[in-house]
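Note that ligands are numbered from 1 as they come in the structure, with each ligand's atoms numbered from 1 the same way. All residue numbers in this chain count up from 1 along the given sequence. Model, not experiment: these values are computed from the prediction.
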Amino acid sequence: MSNNLDKAEINYQGKTSQFNIIKSSEGANAIDISGLRDKTGLITYDPGFQCSSAYKSKITHIDGQKGILRYRGIPIEELAEKSSFVETAFLLIYGYLPTNDQLNLFSNRLTEHSILHEDMKNFISYIQQHAHPMPILSTMVSTLSIFYSDVFDLEAREEKISDFDVNIVRLISKIRTIAAFAYKKSCGEPFVYPRHDLSYCANFLNMMFSSPVKPYAIDDEVVKILNAVLILHADHGQNCSTSTVRLVGSSQVNLFSAVCAGICALWGPLHGGANQKVIEMLADITKSGKSIQKIIDEAKDKNQPFRLMGFGHRVYKTYDPRAKMIKKICIDFLNKKSIADPILETALKLEEAALKDDYFIEKRLYPNVDFYSGIVYRALGIPTNMFTVMFAIGRLPGWIAHWKEMNETIPHKIGRPSQIYLGDGLKHFIPMDERKILI
Ligand code: SDX
């Protein structure tokens with residue numbers, strides 16, 4: 001394939017075909033292969049979509065070599081330090097930082113929409129007590145499309161906003177309440193309703209930890225940390241769950257259903273489910289008393305399934321900038337509260353050993369966003385099985401932003417990847433009495 005300025009050429013079976021180069025504003029340019037099959041009869045093969053893009057996006061830029069992550073051009077380091085999760089959600093979804101009035105209106109709408117329909121609350125109360133909160137979250141988010149169907153939306157009309165905008169605030173606000181109710185269900189405590197006098201994160205913490213016998217004392221330090229950690233999870237380009245939201249959403253199904261699919265994808269241990277697996281792994285290692293070097297050796301051993309959870313990344317081939325910030329937040333908070341967590345000690349020793357090990361160096365495996373996030377959640381009192389729920393709450397603005405961007409893209413194409421067929425050629429039906437056992 002030879003490149004001239006804005007074209008790429010493919011020479012195949014004696015024919016040269018030209019393809020346009022799409023220039024990015026940051027990062028890799030792309031070959032537009034939308035005409036590849038017509039021109040050459042070929043399709044492409046790219047397991048895991050490592051070098052393929054299906055979308056043009058203006059939301060998030062990641063430079064995996066330099067460890068850069070920017071939302072709408074703004075470095076996450078600045079947002080985690082200076083912004084709030086609600087303000088960052090607005091930035092991701094609408095593409096600009098809101099004025100004070102716009103932010104207050106957005107925040108007030110989130111407060112107005114924080115309560116769940118009583119039938120949804122009753123639905124959660126009938127779910128089996130020891131259910132993992134992630135399927136509760138995906139089920140109840142999908143259920144929002146029952147209670148807020150596409151039919152004439154009275155609340156949107158009353159608020160004089162679009163159906164889309166009212167569903168954004170419903171989803172961002174209610175996901176907190178659903179998450180907190182799922183937690184209360186798991187510990188057999190009564191649900192705590194949202195309050196109109198609390199900010200987004202303070203409201204979530206209060207719904208999680210307040211009880212009829214012991215009100216929760218809002219700690220501004222804890223609220224600040226939760227805002228920062230949710231900001232650091234808010235978007236990450238075309239990761240597995242965001243691509244799922246786009247693909248499911250490309251059929252023009254409603255936002256709630258597309259996000260439900262994203263929550264299901266996020267639960268996987270290779271993706272957002274890793275934060276729970278990291279803590280379970282660190283706890284096992286700490287309890288086992290195994291040497292750190294033995295753990296590193298096991299992680300490298302191809303003959304066993306053990307991997308160092310929270311390490312490695314498809315895009316980052318250097319330290320994940322989010323992991324760097326979450327690690328600092330974690331150490332600073334534990335020191336400030338004089339919390340000595342042996343899990344953190346194990347994590348720090350593992351990181352130190354791995355970053356010196358030739359295998360991890362050669363494969364450029366560094367801590368990712370999930371390596372330290374669970375330790376922060378533990379310090380905030382959030383139980384392990386709620387960690388991926390926290391990831392989902394954080395990632396929701398990113399999912400919504402990508403769903404919105406896709407739906408505003410013209411022409412709107414339903415997603416349908418091709419395949420390389422390796423199955424049998426033409427065969428015919430065999431009557432039952434003529435069939436032989438083949439294996
Ligand atoms: C998230 O995409 C995103 O942006 C995701 C995310 C987001 O914000 O949305 O950043 C969130 O999902 C973070 C990742 C959380 N998952 C984990 O921590 C699970 C452990 N990590 C690995 O499973 C793996 O690193 C992945 C899944 C994260 C990335 O997988 P890739 O890009 O498909 O890479 P790979 O599995 O092909 O690994 C390349 C090599 C392999 O060795 P070889 O076959 O070349 O000999 O590195 C090895 C792997 O075996 N390797 C590891 C390892 N991760 C990769 N070896 C030991 N321990 C690990 N953790």
With sequence neighbours excluded, what pairs up with T244 under the side-chain hydrogen bond (donor to acceptor under 3.5 Å, both in side chains) test? none
Which residue pairs pass the ring-ring contact (aromatic ring centres under 6.0 Å, His included) test when at least one of the two sits in residues 322-369, sequence neighbours left out? F311-F360
Under-4.0 Å salt bridge between R246 and E405: yes
By side-chain hydrogen bond (donor to acceptor under 3.5 Å, both in side chains), which residues pair with K39, not counting sequence neighbours? none
Does the pair K277/D370 count as a salt bridge with the N-to-O cut at 4.0 Å? no
Test ring-ring contact (aromatic ring centres under 6.0 Å, His included) on H313 and H236; report intermediate values, then the result. CA-CA 12 Å; H313 199 277; H236 212 245; 5.4 Å; yes
Give a table of atom pairs where an N or O of ligand 1 lies under 3.5 Å from a protein N or O.
from: ligand 1; atom 1: 4 (O); to: H236; atom 2: ND1; distance (Å): 2.6
from: ligand 1; atom 1: 4 (O); to: H313; atom 2: NE2; distance (Å): 3.3
from: ligand 1; atom 1: 8 (O); to: R322; atom 2: NH1; distance (Å): 2.6
from: ligand 1; atom 1: 8 (O); to: R395; atom 2: NH2; distance (Å): 2.7
from: ligand 1; atom 1: 9 (O); to: R395; atom 2: NH1; distance (Å): 2.8
from: ligand 1; atom 1: 10 (O); to: H313; atom 2: NE2; distance (Å): 2.5
from: ligand 1; atom 1: 10 (O); to: R322; atom 2: NH2; distance (Å): 2.8
from: ligand 1; atom 1: 12 (O); to: H271; atom 2: ND1; distance (Å): 2.9
from: ligand 1; atom 1: 16 (N); to: L270; atom 2: O; distance (Å): 2.8
from: ligand 1; atom 1: 18 (O); to: G310; atom 2: N; distance (Å): 2.8
from: ligand 1; atom 1: 18 (O); to: N368; atom 2: ND2; distance (Å): 3.0
from: ligand 1; atom 1: 21 (N); to: F311; atom 2: O; distance (Å): 2.9
from: ligand 1; atom 1: 32 (O); to: R314; atom 2: NE; distance (Å): 2.8
from: ligand 1; atom 1: 33 (O); to: R314; atom 2: NH2; distance (Å): 2.9
from: ligand 1; atom 1: 42 (O); to: K302; atom 2: NZ; distance (Å): 3.0
from: ligand 1; atom 1: 45 (O); to: K363; atom 2: NZ; distance (Å): 3.3
from: ligand 1; atom 1: 46 (O); to: K302; atom 2: NZ; distance (Å): 3.1
from: ligand 1; atom 1: 46 (O); to: K363; atom 2: NZ; distance (Å): 3.1
from: ligand 1; atom 1: 50 (O); to: K302; atom 2: NZ; distance (Å): 2.9
from: ligand 1; atom 1: 50 (O); to: R307; atom 2: NE; distance (Å): 3.4
from: ligand 1; atom 1: 56 (N); to: Y359; atom 2: OH; distance (Å): 3.0
from: ligand 1; atom 1: 58 (N); to: L308; atom 2: N; distance (Å): 3.2
from: ligand 1; atom 1: 60 (N); to: L308; atom 2: O; distance (Å): 2.8
from: ligand 1; atom 1: 60 (N); to: F311; atom 2: O; distance (Å): 2.9

